[in-house]
Amino acid sequence: MPISSSDLLDFSGRHVFVAGGSSGINLAIADAFARRGARLSIASRSAERVAGAVAQLRAHGNDAEGYSADVRDYDAIEAVLAAARQRFGAIDVLVSGAAGNFVAPALGMSSKGFRTVVDIDLVGGFNVLRAAHAHLRRPGAAVINISAPQAFNPTAYQAHVCAAKAGLDMLTRVLAMEWGADGIRVNSIVPGPIGDTEGVRRLAPGEAALDAMAASIPLGRFGKTSEIADMALVLSSPLAAFVTGAVIPVDGGSSLPGGRDLSAALAH
Ligand code: NAP
Ligand code: COA
């Protein structure tokens, strides 16, 4: 019997761990896996947000567990990953998407402000992947870092995010090389502007900025969180069995014109 694409996207019984999975794009990714039968572990700082997200995930009828931890704290993340492994077994899919952002010129951010975003987006990403390695299914695990267009589009007022996400994409490529022999694939998804998310609320505060941002996207609209989740499903499936070290924009073509003008957000 021919294998259908829905069989290839069936994650029944698989263990999916999403760092930063309590809201927005990352929660939509977790939700998409839960709908396809996966057992979900999520982690973020706010115990309240984690509890809400876990309730949403459990509504699909599968196991889900949440943990409160900060990706900047290696020991805490290591303990959470060990607990998740004990609960649901080896991790089949690891999504690392915790991030922070604010709009400020380089001279308007302190060293601590710059370091805060680098610590969450880049060092936090390293922490999650480094601590997870011992718990990833070998061979077969898929790791996905959630990057951003600032990784390759120099964008004024985003020095911290540009530096952090560029580093994250390089980490994706390096770990794809180091972990390929273990049968672990490592890729980055680069979302474009996604509607109704905290990320876009910070970069385009107000109706006029939102309209201008939507108009700048070649496909003429914001993306949906489900469209990022779809790419995460495909990248974690046998359909992407030979894909590793890839940095894949899912952005309606929005990064093609180059860095974004964020003056309106700065003035806000
Ligand atoms: P969001 O809803 O604010 O999601 C960020 C998540 O990360 C939250 O669950 C947050 O939960 C968690 N988090 C933040 N700092 C953390 C820390 N130190 N330790 C652990 N968890 C932490 O934002 P979003 O807009 O959906 O963005 C999600 C991802 O997509 C990010 O990686 C972002 O860079 C990327 N992205 C977004 C867009 C967009 O259009 N929105 C575009 C390009 C890339 P807690 O507050 O509970 O910790
Ligand atoms: N402009 C300049 N500096 C800012 C700033 C802004 N708008 N917002 C925060 N900072 C600086 C703070 O002033 C502080 O530096 P200082 O002590 O030298 O003044 C530093 O950043 C850390 O701020 P703090 O609020 O203590 O950090 P936190 O760890 O509690 O929060 C953030 C991290 C700032 C990134 C916060 O916005 C956050 O938690 N974001 C998560 C949600 C998010 O950003 N979602 C979108 C993802 S794309």
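Predicted model only: the values in this text are computed from it and were never measured. Each ligand, and each atom within it, is numbered from 1 in the order the structure gives.
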Run down the list [options] and name the one with the heavy atom closest to [atom].
atom	options	result
atom 7 (O) of ligand 1	Ser147, Gly195, Gly223, Ala98	Ala98
atom 39 (O) of ligand 2	His160, Lys165, Arg45	Arg45
atom 1 (P) of ligand 1	Ser23, Gly24, Ala53	Ser23
atom 47 (O) of ligand 1	Ala76, Ser44, Ala148, Ala43	Ser44
atom 43 (C) of ligand 1	Gly21, Pro191, Ala47	Pro191

What atoms of ligand 2 come within less than 4.0 Å of a heavy atom belonging to [X]?
X	answer
Gly108	2 (C)
Ser110	15 (O), 16 (P), 18 (O)
Arg72	29 (O)

Closest heavy-atom pair and its distance - Asn101, Arg202: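 That would be O-NH1, 2.6 Å.
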For the student: nearest non-hydrogen atoms of Ala141 and Leu136, plus distance: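 Reported closest heavy-atom pair: CB-CB, 3.9 Å.
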Within the 6.0 Å centroid threshold, strictly below: His160 and Phe102: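 When the ring centroids of His160 and Phe102 are compared, they turn out to be within the sub-6.0 Å range.
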With atoms numbered from 1 as shown, which atoms in ligand 1 lie under 4.0 angstrom from a non-hydrogen atom of [X]?
X	result
Pro193	40 (O)
Ile25	26 (O), 30 (O), 37 (C), 38 (C), 39 (C), 41 (N)
Gly20	6 (C), 7 (O), 8 (C), 9 (O), 12 (C)

Nearest neighbour in protein (non-hydrogen) for atom 28 (C) of ligand 1: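 Sorting protein heavy atoms by distance from atom 28 (C) of ligand 1 puts Asn26 ND2, 3.7 Å first.
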Electrostatic pair Arg173-Glu178, nearest N-O below 4.0 angstrom: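 Salt bridge between Arg173 and Glu178, a charged N being under 4.0 Å from a carboxylate O: no.
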Part of Ala19 with heavy atoms under 4.0 Å of ligand 1, whether side chain, backbone, both or neither: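 None of Ala19 does.
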